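Proteins come first, then strands; the chains are lettered A, B, ... in the order of their sequence lines, and each starts at number 1. From a predicted model like this one, the values you see are computed outputs, not experimental measurements.
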Amino acid sequence: MKYNFNQIEAKWQKYWADNQTFKAENNSEKPKYYVLDMFPYPSGAGLHVGHPLGYIASDIYARYKRHKGFNVLHPQGYDSFGLPAEQYAIQTGQHPAITTKENIATYRRQLDQIGFSFDWSREVRTSDPKYYKWTQWIFIQLFESWFNYDTNKAEDITELIKLFEAEGNTNVNAACDDEVENFTAEDWNAFSSEKQQEVLLQYRLTYLAETEVNWCPALGTVLANDEIVNGVSERGGHPVIRKKMTQWSMRISAYAERLLQGLDTIDWTDSLKESQRNWIGKSVGASVAFNVLPNVTLSAVEGSHTIEVFTTRPDTIFGVSFMTLAPEHDLVSKITTPEQKAEVDAYIEATAKRSERDRMSDVKTISGAFTGAYAEHPFTKEPIPIWIGDYVLASYGTGAVMSVPCGDQRDYDFAKHFDIPIPNIFEGIDISEEAFADKDNTIIANSDFINGMNYKKATKRVIYELEQIGQGEGKTNYRLRDAVFSRQRYWGEPFPVYYVNGLPQMIDTEHLPVELPEVEKYLPTETGEPPLGNATVWAWDTESNTVVENDKIDNNTVFPLELNTMPGWAGSSQYFNRYMDPNNDEAIFSKEAIDYWQQVDLYIGGSEHATGHLLYSRFWQKFMFDKGYVNHDEYAKKLINQGMILGTSAFVYRAGGNIIELKKGNKARSFVKEIKFDKSIFIPLYYNEEEDSNFKDNLKKYMSSEDLEMLNSNPKYSWIVYNNEIHADVSLVNSSDELDVEGFKNWREEYKDAVFLDENGEVIKDNDVYKVRRDVEKMSKSKYNVVNPDDIVRDYGADSLRLYEMFLGPLEQYKPWNTAGITGVYSFLKKLWKLYYSSLEGGQEGVLKVTDAEPTKDNLKTLHKTIKKVEEDIENFSFNTSVSTFMIAVNELTAQKCRSKAILEPLLILISPYAPHIAEELWEALGNTESIATAPFPEFDESHLVESTKVYPISFNGKMRFTMELPLDMSKDDIEATVLEFDKTKDQLQGRTPKKVIVVPGKIVNIVG
RNA sequence: GCUGAAGUGGUGGAAUUGGUAGACACGUUGGACUUAAAAUCCAAUGGCCAUUAUGGCCGUGCGGGUUCAAGUCCCGCCUUCAGUACCA
């Protein structure tokens, strides 16, 4: 019998589906284990070989855990809302739901043929109303909650209302908007209902606010920062402007500290935790209030102003020699003196013109203006000049800093530039060249009551003194901003929100889901409203509690619905919990389900979600925990980031190509005289007839006649840069990097008559072998280096694909794909097959050759060595090394001519997580009637590995020279004596007496001297 | 700049607490089988030198150090990748 992988794989995939082999039960006698993948966005391009890497790893782990006796939850679904389907709808008019459905069908087919052990009965799709019903439900829960800093958790909004009714808001310690007016209980009770709603909105965990957003007029939507490249939209390159819009926001900043602390309790990679820590950006310091000195020239005395600053270095307060405000700071207009007004206004105008991006990229240029005003130092009472400068960001801290030039390089540079004094407050530190920012090795000087103190002590003391005079306190700042939660898009979750007098009202949860309406066009409306503005049936009837036609809006019982939709991360922020009970229509999940599954034990996915999905979902989980819906405030115990599989692009060089640059001027003389060959080709058009009479002929070789003509009629150009490097489709290149020239020429019309060049720029003749240049790049369609798993499965089988993806290298690492290498694992599978089936000559069917023979000592040693290593490897997620281990085991057992069922049967269980189809097939051939999926993992027995001797490496001065086999129970002294007596030792020593002999029993012998 | 990860043959990568560097594969070369190719099998394969029983020298990004012994530990650099960026 031959190893017919296509037939075997189809057979077992059908068997698993028919028998629901991997269906997880919500209650079981077995211990539970939850293995989760980041669910994919089903794009139109389908999967390439890079996509399944993480899924294969998690599948191996899930299958391993089943062998280890666990009830494993290993679900899969689709993050199926998103922009590409919407863009496609805009272009073609096809409803995104149809596109999405088609793409999902492709994904499912591709996933199925790789043989994953997903429990498909639990599939979720974020765009399915049955699913997003619960996304809307969570949104409402957030709306109905506020964050109490006293209890450090989210509480019901009704609790807050009770507090307001009883005592106003002065004693409420809540996460809320920056500028909330103070009111008493009487005030509150006297407020109109609208006023009360407005106030509450400032406290809710999801709230409406005027937010400055990146607005792209051409696309008619708000873009996230990472959708903007070089100041224009990533898609289409349209200009992006800053615009204020009323948007839903999530008060994630309330959870900043808990999100930070929680990182210490979870087993995620350090780099990922570090990313999140940086993103949260906690800074501990103090806020200090500086009083602005009244200025005699300012006639209107509007009372006193104070500038509040945040600093992480209160210990340097005596080093302040100026203050700097962001140009946008509110106080600027109020404190600027008449003499300085012109200069300040000019500066503000100049800064306003510079885009955010210019300001960021142009860090080097120092600019600013003096306001003419002075503030009073809180301790010395000396006047401090107040400047404005765009190195101070309005959006961080208070938008103002106390500038300590001796301790901060930016302040230092600013002071140098504007000739502001730089007082030195560090003992024995030279600051004539640059600022001294090292706070750990500092003794403070010239600083009144903190002289001689170190950073820690001085900081404490300064904060204490500031508190005494009421001009400051210890404060912690976070970089984490609230997350904008509105998108001006069609293909997303609609909000369960309608508006009464402009104030948002939640739709009762019992009427969810509010389904996405149909629209004619998926673009924003002509008046600039989001795509849902095109919907004609998009109003909420509060009597029937249904969505009705817009023309019924009377703002009495029928109201307009929210036109924005939710962002991509909404649907992915609780999907892991929904998998526990995905078909529940009564609740997001049942209590029984969450109590049983608890939390994700292992989560595998890409690191690109470090500060997006992985942070937002932690936030929602903490919220769900506060509300008592879940029992862990971190949802994933352990997280592994799989690395990316890169493509190995193939490059060919053709004569001609695309002109990428034309240069003029006689500078060409100093450039290459010859034609230089690299990624691009430089052709100097200046040449000396005498020196190179062939040059003109050569030019014809490299350039098209049109280009040549254009240049001849355009004498101002003196050299030309061609990009003659083109990507060849990797499928046209064989394992020895040789191009199928014929195929390549037929691949594209324009390559039909193309002339190719070799590495020296020489023209390749028809019968020459063309070797392509290979380089590793990200796998992408445009680089023609995409490898489709369908092809691999067809040619080598899913088991080969699975093994090879793991064999490529460590899971977390970035590594290139090279299809040629797959023959290694493929022949391994064939060798494995041959251990079980004899191959008979002449195409006859082989017969099963496994017998009940007693295993030999060697057989047992190989098996148990393999059990031990594979078990360790899986536990350490070192899947690449276990593939090697399998290869070694099969090679050894083949050499041993092992036919013993006692060896070959457990071997299948070891291999089954990696190559489940072949394992099932051979398992069945051995007479098993049940799937191998839950067969118990073989027990490792140390006794089979016990050796009586050890081949000792004998080294001299640390260098291994030869080996000696010695009994393991030999004593140190006996080993030393035996080794020293050995002839080869004497040869090595050549008469010298060893100074020292190191004997590590069971390890090594090292002779020094 | 800061943070994190990583530098090992032609390539992907192995190497427990420091203890035989290069496992396992790919590729390459030679051979067997074949009319031929594919497939399969066998052998060699870090570099340099020597020898034809055997051997020697150098080798894990660079420079130091600790140690009987360093890819592994310490100090100082260099390079690459990723994230982040005037965060006070």
Side-chain angles (χ1 to χ4, degrees), chain A residues 269-279 281-283 285 309-313 316 324 326 359-364 366 389-393 395-404 407-411 413-414 437 477-480 607-608 610-611 641 643-644 648 735-737 774 776 803-804 807-810 812-825 827-828 830-831 834 839 869 872 876 878 880-888 891 951-963 984 987 994-1000 1002-1009:
Chain A
T269 60
D270 287 338
S271 70
L272 200 139
K273 288 196 206 176
E274 203 54 32
S275 291
Q276 294 210 346
R277 283 194 193 102
N278 289 341
W279 196 257
K282 181 179 184 178
S283 324
V309 301
F310 173 74
T311 177
T312 54
R313 295 291 304 273
T316 63
T324 317
R359 267 174 78 169
M360 281 201 277
S361 59
D362 186 21
V363 175
K364 291 273 168 334
I366 295 158
D390 66 3
Y391 79 96
V392 176
L393 302 176
S395 57
Y396 182 79
T398 59
V401 299
M402 58 174 225
S403 301
V404 184
D408 182 289
Q409 196 57 41
R410 289 156 306 170
D411 294 344
D413 295 339
F414 194 88
N477 232 4
Y478 299 91
R479 199 184 79 108
L480 184 68
S607 57
E608 66 271 23
T611 52
N641 293 127
M644 200 185 287
T648 313
S735 58
S736 305
D737 291 350
R774 305 223 75 160
V776 172
L803 281 171
Y804 189 51
F807 188 61
L808 280 176
E812 292 96 331
Q813 201 165 300
Y814 278 56
K815 52 216 171 240
W817 176 271
N818 184 5
T819 304
I822 201 170
T823 55
V825 294
S827 40
F828 155 74
K830 286 192 285 191
K831 278 186 218 164
K834 282 190 200 158
S839 55
K869 180 79 170 99
E872 280 169 8
N876 294 321
S878 174
N880 54 326
T881 50
S882 33
V883 179
S884 314
T885 306
F886 292 140
M887 290 174 171
I888 294 167
N891 288 344
V951 179
Y952 277 92
I954 312 299
S955 38
F956 292 81
N957 296 319
K959 280 174 190 154
M960 205 281 287
R961 294 300 163 183
F962 57 85
T963 55
K984 279 191 178 177
D987 288 352
K995 284 184 193 144
K996 205 176 187 183
V997 179
I998 310 277
V999 178
V1000 185
K1003 280 255 163 92
I1004 199 170
V1005 177
N1006 190 19
I1007 297 161
V1008 187

J.: Looking at A/Asn278, I'd like to know whether one of its side-chain N or O atoms comes within less than 4.0 Å of OP1 or OP2 on B/C87.
T.: no
J.: Is A/Tyr396 close enough to B/A88 that one of its side-chain N or O atoms is under 4.0 Å from OP1 or OP2 there?
T.: yes
J.: Among B/G4, B/G19, B/U84, which is the nearest nucleotide to the side chain of A/Glu274?
T.: B/G4
J.: When the P atoms of B/A70 and B/U60 are compared, how many Å lie between them, rounded to an integer?
T.: 11 Å
J.: Would you confirm whether A/Asn880, through its side chain, and A/Leu808, through its main-chain N or O, come within 3.5 Å as a donor-acceptor pair?
T.: no
J.: Using the C1' atoms only, state how far B/U80 lies from B/U8, rounded to an integer number of Å.
T.: 15 Å
J.: Taking atom C1' in both B/C68 and B/C73, what distance in whole Å separates the two?
T.: 16 Å
J.: Could you check whether A/Asn891 gets within reach of a base, just the sugar-phosphate, or nothing at all, counting any heavy atom under 4.0 Å?
T.: sugar-phosphate
J.: Spell out, as yes or no, whether a donor-acceptor pair under 3.5 Å connects the side chain of A/Lys815 to the backbone of A/Pro810.
T.: yes
J.: Can you check the distance between B/U72 and B/G19, where both ends of the measurement are the C1' atom (answer in whole Å)?
T.: 11 Å
J.: Rounding to the closest angstrom, what is the interatomic distance between B/G59 and B/G27 at atom P?
T.: 32 Å
J.: Need one value for A/Asn1006: base, sugar-phosphate or nothing, where a base atom within 4.0 Å counts as base even if backbone is also close, heavy atoms only.
T.: base
J.: For B/G56, does the O4'-C1'-N9-C4 or O4'-C1'-N1-C2 angle fall within 90° of 0, making it syn, or is it anti?
T.: anti
J.: Should A/Arg961 be listed as having a side-chain N or O under 4.0 Å from OP1 or OP2 of B/C57?
T.: yes
J.: Identify the nucleotide, in any strand shown, that forms a Watson-Crick or G-U wobble pair with B/C68, with both distances under 3.5 Å; if there is none, say none.
T.: B/G19
J.: Using a cut-off of less than 4.0 Å, is there contact between a side-chain N or O of A/Gln813 and OP1 or OP2 of B/A5?
T.: no
J.: Please give the nucleotide sitting opposite B/A36 as a Watson-Crick or G-U wobble pair, both distances under 3.5 Å, or none.
T.: none
J.: With a cut-off of less than 4.0 Å, is there a side-chain N or O of A/Lys959 near OP1 or OP2 of B/A69?
T.: no
J.: Under 4.0 Å between a side-chain N or O of A/Ser283 and OP1 or OP2 of B/A88?
T.: yes
J.: May I ask you to check whether A/Thr963 and A/Tyr952 show a side-chain donor-acceptor distance below 3.5 Å?
T.: no
J.: Looking only at atom P, what distance separates B/U40 and B/C57, rounded to whole Å?
T.: 41 Å
J.: So, is A/Asn880 close to the B/A14 phosphate, meaning a side-chain N or O under 4.0 Å from OP1 or OP2?
T.: yes
